[in-house]
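Accompanying notes for the structure given below.
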Amino acid sequence: MNRSFVFLADGFEEIEALTVVDVMRRAGMDVKTVSINKTNKVTGAHGIGVEADILFDEADYSDAEWLVAPGGMPGATHLHEHAQLSALLSSHNDKGGKIAAICAAPAVVLSPLGILDGKEATCYPGFEQMCEKAVMKNQPVVALDRIITGNGPASATKFALAIVANSMGEAFAREVADGMLLK
């Protein structure tokens, strides 16, 4: 299993980003938080300061397993505006890599890159019109073979467990969920 990366920008949705990192680490997955800022300090949409593991330019993405974009506004917009991240997501998609996005990020980050074109997806209600070429579903999580989308903060744990299930199997994801007392 290769390293995965969760990208953080000022204004990110704390629950979505940190739940994903927590659940993936509980599963034993190698995941790093990545700041797209000039420093490791990133402030979430609700004023929670987080110190990212690494800066964007410090990471080696060549063998990345998952690239994960949390939502939150204006965090998703900042991710979209980061040209190097957009290029990385496009390249990872082109080579069949795994990508996950939740809340506003499927619409704001992935859709403009064509990553969702022709695919089933979900996003935060009200952002669907930004996903004209996707097949939008009104459900908490849509898990495809290599693209996983979630609709918002309440779905963060289910979204994270879908990532674990994709990488490590449904039975193992259930074990992780059981350890968290999720029913």
Side-chain angles (χ1 to χ4, degrees), residues 3-27 29-61 64-93 97-113 115-116 121-131 140-141 147-164 176 180:
R3 177 168 286 169
S4 296
F5 301 93
V6 177
F7 298 94
L8 304 178
D10 285 333
F12 73 95
E13 174 55 59
E14 294 96 338
I15 291 173
E16 295 163 358
L18 299 179
T19 298
V20 169
V21 173
D22 180 276
V23 171
M24 290 176 77
R25 287 185 180 170
R26 285 173 190 262
M29 296 175 73
D30 183 3
V31 58
K32 296 291 183 191
T33 55
V34 180
S35 171
I36 67 163
N37 295 343
K38 295 187 185 310
T39 69
N40 292 68
K41 175 99 167 127
V42 188
T43 303
H46 302 97
I48 299 172
V50 173
E51 179 136 352
D53 297 317
I54 53 177
L55 297 175
F56 185 87
D57 292 335
E58 294 175 342
D60 176 5
Y61 304 105
E65 180 172 15
W66 286 98
L67 301 181
V68 183
M73 293 301 278
T77 300
H78 293 316
L79 293 178
H80 166 70
E81 293 170 345
H82 193 273
Q84 290 172 287
L85 176 57
S86 291
L88 174 64
L89 288 165
S90 292
S91 171
H92 196 66
N93 182 61
K98 297 176 180 181
I99 298 172
I102 186 169
C103 195
V108 176
V109 180
L110 301 187
S111 186
L113 300 173
I115 292 171
L116 300 180
T122 191
C123 68
Y124 194 81
F127 283 82
E128 299 90 349
Q129 71 278 4
M130 296 176 70
C131 302
V141 175
I147 306 280
I148 296 176
T149 53
N151 69 355
S155 303
T157 303
K158 186 174 182 178
F159 173 76
L161 287 167
I163 293 170
V164 171
V176 172
M180 296 171 64

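These numbers come from the heavy atoms of this one structure, side chains and all, not from hydrogens, waters or symmetry mates. Computed from a prediction, not measured in an experiment: that's the story for all the values here.
A side-chain donor-acceptor contact under 3.5 Å links Thr19 to the backbone of Ile15. The main-chain N or O of Gly150 is never found under 3.5 Å from a side-chain atom of Ser155 such that the two would form a donor-acceptor pair.
The shortest non-hydrogen separation linking Ala45 to Glu14 is N-OE2, 3.3 Å. Annotation for Val109 and Ala76: closest pair CG2-O, 3.4 Å, computed over non-hydrogen atoms. The heavy-atom pair separating Cys123 from Asn151 by the smallest distance is O-CB, 3.4 Å. Summarising the geometry of Val141 relative to Ala162, their closest heavy-atom pair is CG1-CB, 4.0 Å, with the distance given to 0.1 Å. When all heavy atoms of Ala104 and Tyr124 are compared, the closest pair comes out as N-CB, 4.1 Å. Nearest approach of Pro106 to Leu116, heavy atoms of both residues: O-CD1, 3.3 Å.
Side-chain contact between Val50 and Thr33: absent, with no pair of heavy atoms (C-beta onward) separated by less than 4.5 Å. Taking the side chain as every heavy atom from C-beta outward, His46 and Glu13 approach each other to under 4.5 Å. Asn93 is not listed as a side-chain neighbour of Leu67, based on a closest heavy-atom distance of 4.5 Å or more. Put simply, the side chain of Leu79 reaches to within 4.5 Å of the side chain of Pro70, judged on heavy atoms. A heavy-atom distance below 4.5 Å is found between the side chains of Phe7 and Leu88. Looking at heavy atoms from C-beta onward, Gln84 lies in side-chain contact with Asp57 at the 4.5 angstrom threshold. A heavy-atom distance below 4.5 Å is not found between the side chains of Phe159 and Thr122. Between Val20 and Ile102 the shortest side-chain heavy-atom distance does not fall below 4.5 Å.
Note that CG of Asp53 and CZ of Arg3 are 8.5 Å apart. Values are rounded to the nearest 0.5 Å. Rounding to the nearest 0.5 Å gives a distance of 4.0 Å between SG of Cys103 and CD of Glu16. For the atom pair CD1 of Ile99 and CG of Leu89, the computed distance is 5.0 Å after rounding to the nearest 0.5 Å. Here the CG atom belonging to Asp30 is positioned 7.5 Å from the OG atom belonging to Ser4, to the nearest 0.5 angstrom. If you take OG1 on Thr77 and CG on Asp10, they are separated by 12.5 Å, rounding to the nearest 0.5 Å. In this structure, NZ on Lys98 lies 9.0 Å from NE2 on His92, to the nearest 0.5 angstrom.
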**Item:** Pair Val34-Leu85, side chain to side chain contact (heavy atoms under 4.5 Å, CB included): steps then yes or no
**Value:** CA-CA 11 Å; Val34 180; Leu85 176 57; over 6 Å; no
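In this structure, Phe5 and Tyr61 have perpendicular ring planes: the angle between them is above 60°, well past the 30° mark.
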